[in-house]
Peer 1: 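Attaching a single structure in structure tokens format; questions to follow.
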Amino acid sequence: MSDRDWQAIRADFPLLSRTVNGKPLRYFDTANTSQKPAAVIEATDDFYRQHNANVSRAVHTLGSEATEAYEDARKAIAAFIGVPANTLILTSGTTFGINLVAYAWALPRLTAGDRILVTRMEHHANIVPWQLIAERTGARIEVVDLLPDGSLDLAGLYAAMNDTVKLLALTHVSNVLGTVNPVQAICREARKHGITTLVDGSQALPHMPVNVAALGCDFYVATGHKLCGPTGTGVLWGRKELLDAMPPFIGGGEMIKEVRFEGTIFNDVPAKFEAGTPNIAGHVGLGAAVRYLSGIGMAEIQARESELLAYATEQLAKIDGLRIFGTAPDKAAIISFAVEGAHAHDLATLLDLEGIAVRSGQHCAHPLMQFLGVSATCRASIAFYNTHEDIDALAAAIIKVRKLLQ
Ligand code: PMP
């Protein structure tokens, strides 16, 4: 695709044409949440204007239209990640998906002496639920470390695997370093030891084609709002036999077949895990998002972003006193950096005055910050809707702000 095609794609995102502090907005915070194309905004708007009703309940026309729209979205999202729709649970996001697996899969199964492996690059959402489960079951959490370039210590990971490990919870792509983990090879190895695997795909789905079935994991979770979809949306995929064997996490309407005070018969997967009224419009929007992304092509997006990443890395590396964290050979378009003499929050605040949105802080990854030996970083995360001009503006603004701070 030519630069002009990408400019046209950028124009699909209404918010990207606004100004911030009198400057054109340069949005580098997609890893936090992505911007939304008009197709997504229109799909949710159309749902509320034309089809709004609750799902799976009413026989009237709007009720069936809403149910059809919601189930069509499930099919589109399932196809996008290469899994059958009847194994895809729609959630409020990654955090909910991981907690569902923690309470419905891990809690009833783990006992004292079992081990849970997590990596040092996990988001808190893939650490804290396991700590809560470990406290209640007596299982032990072990941490797989990183190499200096921010890639996973695979030798250490494989050495830690044996049949006392019941679960490996790891991220597909680091939200701080951009490191892409070789999930397929890792899951193959885990399987040999009978280890169940949960992969956090929050930062992977937005950046590359992902065929979850081919990865060989047992659970895959992701969030919709980083994938051009609305907030409060997400997915949990699980192997059917695991999902069938798991008790429900949350009880209520829709997740039952029959309720009697003597006992309740639960619905089939995925309804068993979707108690109560779901985020219907949100998932209709997420369905529109994955159709939109498929229309561009995830392989095209990946190629574009890797070109922008290379360009941005080159431009930022030229800046005196700027240090980039995470130089793994397989890296998604996320650049964490620090500038000598400038606190990350001050830097981000001054960059905002230039119209530039970067995130500063610990990125919900305290253990990783400790590993990096810093209290905070700035993070510029790049999406296919960013341009070379955005990157030039970012580099120029960092140079300007650095001078101001010195
Ligand atoms: N995991 C990773 C790798 C993330 O980047 C995020 C979002 N920052 C989450 C989990 C949590 O996602 P959510 O807040 O949408 O549940």
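In listed order, ligands and their atoms are each counted from 1.
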Peer 1: What distance separates Ser360 OG from Leu347 CG, expressed to the nearest 0.5 Å?
Peer 2: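 Output value for this atom pair is 8.0 Å.
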
Peer 1: Select one of side chain, backbone, both or neither to describe which atoms of Lys226 lie under 4.0 Å from any atom of ligand 1, heavy atoms only.
Peer 2: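 The part of Lys226 near ligand 1 is the side chain, not the backbone.
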
Peer 1: Just how far is it from atom OH of Tyr103 to atom CD1 of Ile133, taken to the nearest 0.5 Å?
Peer 2: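 These two atoms lie 4.5 Å from each other.
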
Peer 1: Around atom 2 (C) of ligand 1, find the nearest protein heavy atom and jot down its residue, atom name and distance.
Peer 2: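 Minimum-distance protein heavy atom for atom 2 (C) of ligand 1 reads Asp200 OD2, 3.4 Å.
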
Peer 1: Are the charged groups of Asp352 and Lys23 less than 4.0 angstrom apart, N to O?
Peer 2: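 No, no charged N to carboxylate O under 4.0 Å.
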
Peer 1: Considering only heavy atoms of Thr95, which atoms of ligand 1 have at least one such atom less than 4.0 Å away?
Peer 2: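 Those qualifying, in numeric order: 11 (C), 13 (P), 14 (O), 16 (O).
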
Peer 1: If you count the atoms of ligand 1 from 1 in the order shown, which ones are under 4.0 Å from a heavy atom of Gln203?
Peer 2: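 Numbered from 1, ligand 1 contributes 3 (C), 4 (C), 5 (O).
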
Peer 1: Can you sort out which atoms of ligand 1 are near Asn175, meaning under 4.0 Å from one of its heavy atoms?
Peer 2: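 Counting from 1, the qualifying ligand atoms are 5 (O).
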
Peer 1: Mind running side chain to side chain donor-acceptor pair (under 3.5 Å) on His123 and Thr171 for me, showing each step along the way?
Peer 2: CA-CA 8 Å; His123 186 281; Thr171 195; over 6 Å; no

Peer 1: Are any of the side-chain heavy atoms of Pro278 and Val55 separated by less than 4.5 Å?
Peer 2: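 Sidechains of Val55 and Pro278: in contact.
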
Peer 1: So how far is it from Asp390 CG to Arg26 CZ, rounded to the nearest 0.5 Å?
Peer 2: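 One finds 5.0 Å between CG of Asp390 and CZ of Arg26.
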
Peer 1: In ligand 1, which numbered atoms sit nearer than 4.0 Å to a non-hydrogen atom of Thr223?
Peer 2: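 Here the atoms of ligand 1 in question are 13 (P), 15 (O).
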
Peer 1: Check this for me - ligand 1, Thr171, N or O atoms closer than 3.5 angstrom, yes or no?
Peer 2: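 Thr171 vs ligand 1: no N/O contact under 3.5 Å.
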
Peer 1: Residue-level breakdown please: for His225 versus ligand 1, do any non-hydrogen atoms fall below 4.0 Å on the side chain, on the backbone, on both, or on neither?
Peer 2: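 His225 to ligand 1: side-chain contact only, backbone stays beyond 4.0 Å.
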
Peer 1: Can you tell me which residue and heavy atom of the protein come closest to atom 4 (C) of ligand 1, and the distance to 0.1 Å?
Peer 2: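 Here the nearest protein heavy atom works out to His123 CD2, 3.4 Å.
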
Peer 1: Write out the residue and atom name of the closest protein heavy atom to atom 12 (O) of ligand 1, then the distance separating them to 0.1 Å.
Peer 2: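 Closest protein heavy atom to atom 12 (O) of ligand 1: Thr94 CB, 3.7 Å.
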
Peer 1: Measure the spacing between OH of Tyr27 and CG of Leu394 and express it to the nearest 0.5 Å.
Peer 2: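 Output value for this atom pair is 14.0 Å.
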
